[in-house]
Visitor: 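Here's a structure for you.
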Amino acid sequence: MNQPSWAPPDPAAPQLTAAAARRAPDWTALSGDVRTCTACPELAATRRSVVVGQAPAGARLLVLGEAPGAQEDDSGQPFVGRSGQLLDLLLAEVGGDRAHTAVLNTVKCRPPGNRVPSRPESAACRGWTERQLELLAPDLVVTLGLSATRWFLGPCTLGAVRGQVHEVAGVRVLPTYHPSAAIRSGPRGEPRRLLTEDLALAVRLTQ
Ligand code: URA
Ligand code: SF4
């Protein structure tokens with residue numbers, strides 16, 4: 001048997017989610033709508049949870065990742081697997097605190113096998129994330145890795161943009177490495193050093 005082939009998200013999905021997101025008056029209403037979203041047929045059929053994100057009241061710093069992995073899909077919470085544990089550790093090391101940090105992903109449902117979200121999936125979920133950012137209104141967004149960074153900046157390389165604050169449509173954005181890059185390159189690798197340095201700057205700028 002061949003693998004089942006899934007229809008891509010409907011070309012109208014980005015407009016539909018953006019319109020629904022704009023109608024949501026607050027975080028709770030928005031979260032309810034996101035949890036029932038089926039705009040991406042494959043992700044909606046294979047997910048266990050919709051990982052809406054964490055939004056502690058009054059968070060000034062927001063961290064944006066790419067998409068949930070297996071542990072996030074199981075638990076419904078963002079960044080709880082290996083990458084999340086490293087993020088918590090490094091944040092604490094530089095005087096930050098995960099409990100007071102908002103954590104979102106560009107795409108709320110796990111792509112099977114942790115593949116990179118497709119362009120149509122990313123576009124379908126964009127309206128939800130934009131409304132989340134509008135409602136949370138953080139002082140600074142740290143983007144982890146290339147997907148989250150390109151979500152704001154468009155085509156770029158991480159090396160060229162990381163470690164600096166970029167202003168995008170009124171949002172201050174600080175791109176850095178994804179914790180998975182720091183895990184891959186080991187405890188003495190450059191990605192871990194730069195991720196730590198960038199998180200330290202983020203904590204300083206939001207204290
Ligand atoms: N990687 C991400 O980008 N997001 C998560 O929530 C977990 C791992
Ligand atoms: Fe909907 Fe986003 Fe999940 Fe796609 S990834 S089904 S747009 S919530």
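Counting starts at 1 for both ligands and their atoms, in listed order. A quick note: this is a predicted structure, and the numbers were derived from the prediction, not measured. We're numbering straight along the sequence, starting at 1.
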Visitor: Suppose I only count heavy atoms of P78 and a 4.0 Å limit; which atoms of ligand 1 are within that range?
Guide: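 Going through ligand 1 atom by atom, the ones under 4.0 Å from P78 are 6 (O).
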
Visitor: Rounded to the nearest 0.5 Å, how far does OG1 of T101 lie from CG of L62?
Guide: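 L62 CG to T101 OG1: 9.0 Å, rounded to 0.5 Å.
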
Visitor: Heavy-atom distances under 4.0 Å decide this one: backbone, side chain, both or neither, for R47 against ligand 2?
Guide: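 Only the side chain of R47 comes within reach of ligand 2.
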
Visitor: Can any side-chain N or O of R110 pair as donor or acceptor with the backbone N or O of A67 at less than 3.5 Å?
Guide: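 Here the side-chain-to-backbone pair does not exist.
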
Visitor: Using a 3.5 Å distance criterion without hydrogens, assess whether the side chain of N105 forms a donor-acceptor pair with backbone atoms of V107.
Guide: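 A pair under 3.5 Å: no.
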
Visitor: Does a side-chain N-to-carboxylate-O contact under 4.0 Å join D73 and R47?
Guide: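 No, no charged N to carboxylate O under 4.0 Å.
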
Visitor: Find all atoms of ligand 1 within a distance of less than 4.0 Å from any non-hydrogen atom belonging to E66, and give their numbers and elements.
Guide: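 Contacts of ligand 1 toward E66, numbered from 1: 2 (C), 3 (O).
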
Visitor: How far is atom 8 (C) of ligand 1 from the closest protein heavy atom, and which atom is that?
Guide: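 Minimum-distance protein heavy atom for atom 8 (C) of ligand 1 reads F79 CE2, 3.8 Å.
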
Visitor: What are the atoms of ligand 1, with element, lying closer than 4.0 Å to any heavy atom of G65?
Guide: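 So the atoms of ligand 1 that pass are 3 (O).
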
Visitor: What residue and heavy atom of the protein are closest to atom 1 (N) of ligand 1, and at what distance?
Guide: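 Looking only at protein heavy atoms, the one closest to atom 1 (N) of ligand 1 is H178 NE2, 3.3 Å.
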
Visitor: At what distance is the nearest protein heavy atom to atom 2 (Fe) of ligand 2, and which residue and atom is it?
Guide: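 Here the closest protein heavy atom is C125 SG, 2.3 Å.
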
Visitor: Start with the C-alpha distance between V52 and R35, add both sets of side-chain angles, then the distance that settles side chain to side chain contact (heavy atoms under 4.5 Å, CB included), and finish with yes or no.
Guide: CA-CA 7 Å; V52 174; R35 283 195 187 94; 3.8 Å; yes

Visitor: Distance under 4.0 Å to a non-hydrogen atom of C40: what atoms of ligand 2 satisfy this?
Guide: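 Selected atoms, number and element: 4 (Fe), 5 (S), 6 (S), 7 (S).
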
Visitor: Heavy atoms only, cut-off 4.0 Å: how does A148 contact ligand 1, side chain, backbone, both, or neither?
Guide: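 It is neither; nothing of A148 touches ligand 1.
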
Visitor: Stepwise, does the side chain to side chain contact (heavy atoms under 4.5 Å, CB included) test hold for R82 with I183?
Guide: CA-CA 8 Å; R82 279 188 79 197; I183 292 169; 3.3 Å; yes

Visitor: Take every heavy atom of A67, measure it against each atom of ligand 1, and state whether any distance is under 4.0 Å.
Guide: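 Contact present.
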
Visitor: Under 3.5 Å, N or O to N or O, is N105 touching ligand 1 that way?
Guide: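 So ligand 1 has an N or O lying under 3.5 Å from an N or O of N105.
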
Visitor: Hey, is the main chain of S118 close enough, under 3.5 Å, to the side chain of E121 for a donor-acceptor pair?
Guide: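 Checked: pair present.
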
Visitor: For A39, counting its heavy atoms only, list the atoms of ligand 2 lying under 4.0 Å from any of them.
Guide: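 Heavy-atom distances to A39 below 4.0 Å select 6 (S), 7 (S).
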
Visitor: Is it true that D88 and R98 have a side-chain N and a carboxylate O under 4.0 angstrom from each other?
Guide: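 R98 and D88: salt-bridged.
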
Visitor: So does D139 pair up with R172, basic N to acidic O under 4.0 Å?
Guide: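 Looking at R172 together with D139, the answer is no, because their closest N to O distance does not fall below 4.0 Å.
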
Visitor: Using a strict 4.0 Å cut-off to heavy atoms of A124, name the atoms of ligand 2 that fall inside it.
Guide: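 So the answer, numbered in order with elements, is 7 (S).
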
Visitor: Which protein heavy atom lies closest to atom 3 (Fe) of ligand 2, and at what distance to 0.1 Å?
Guide: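 Ranking protein heavy atoms by distance from atom 3 (Fe) of ligand 2, first comes C109 SG, 2.3 Å.
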
Visitor: Tell me which part of E72 gets within contact of ligand 1: side chain, backbone, both or neither, using heavy atoms under 4.0 Å.
Guide: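 For E72, the contact with ligand 1 is made by the side chain alone.
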
Visitor: Examine ligand 2 and decide if any of its atoms is less than 4.0 Å from a heavy atom belonging to V107.
Guide: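 The answer is yes, since V107 has a heavy atom less than 4.0 Å from ligand 2.
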
Visitor: Give me the nearest non-hydrogen protein atom to atom 1 (Fe) of ligand 2 as residue plus atom name, then the distance to 0.1 Å.
Guide: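 Nearest protein contact, heavy atoms only, for atom 1 (Fe) of ligand 2 is C37 SG, 2.3 Å.
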
Visitor: Kindly indicate, with the supporting measurements, whether the criterion side-chain hydrogen bond (donor to acceptor under 3.5 Å, both in side chains) is fulfilled by E72 and Q77.
Guide: CA-CA 5 Å; E72 291 77 20; Q77 300 300 322; over 6 Å; no

Visitor: Kindly say whether W151 contributes a backbone atom to a donor-acceptor pair with the side chain of R126 at under 3.5 angstrom?
Guide: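 At least one qualifying donor-acceptor pair exists.
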
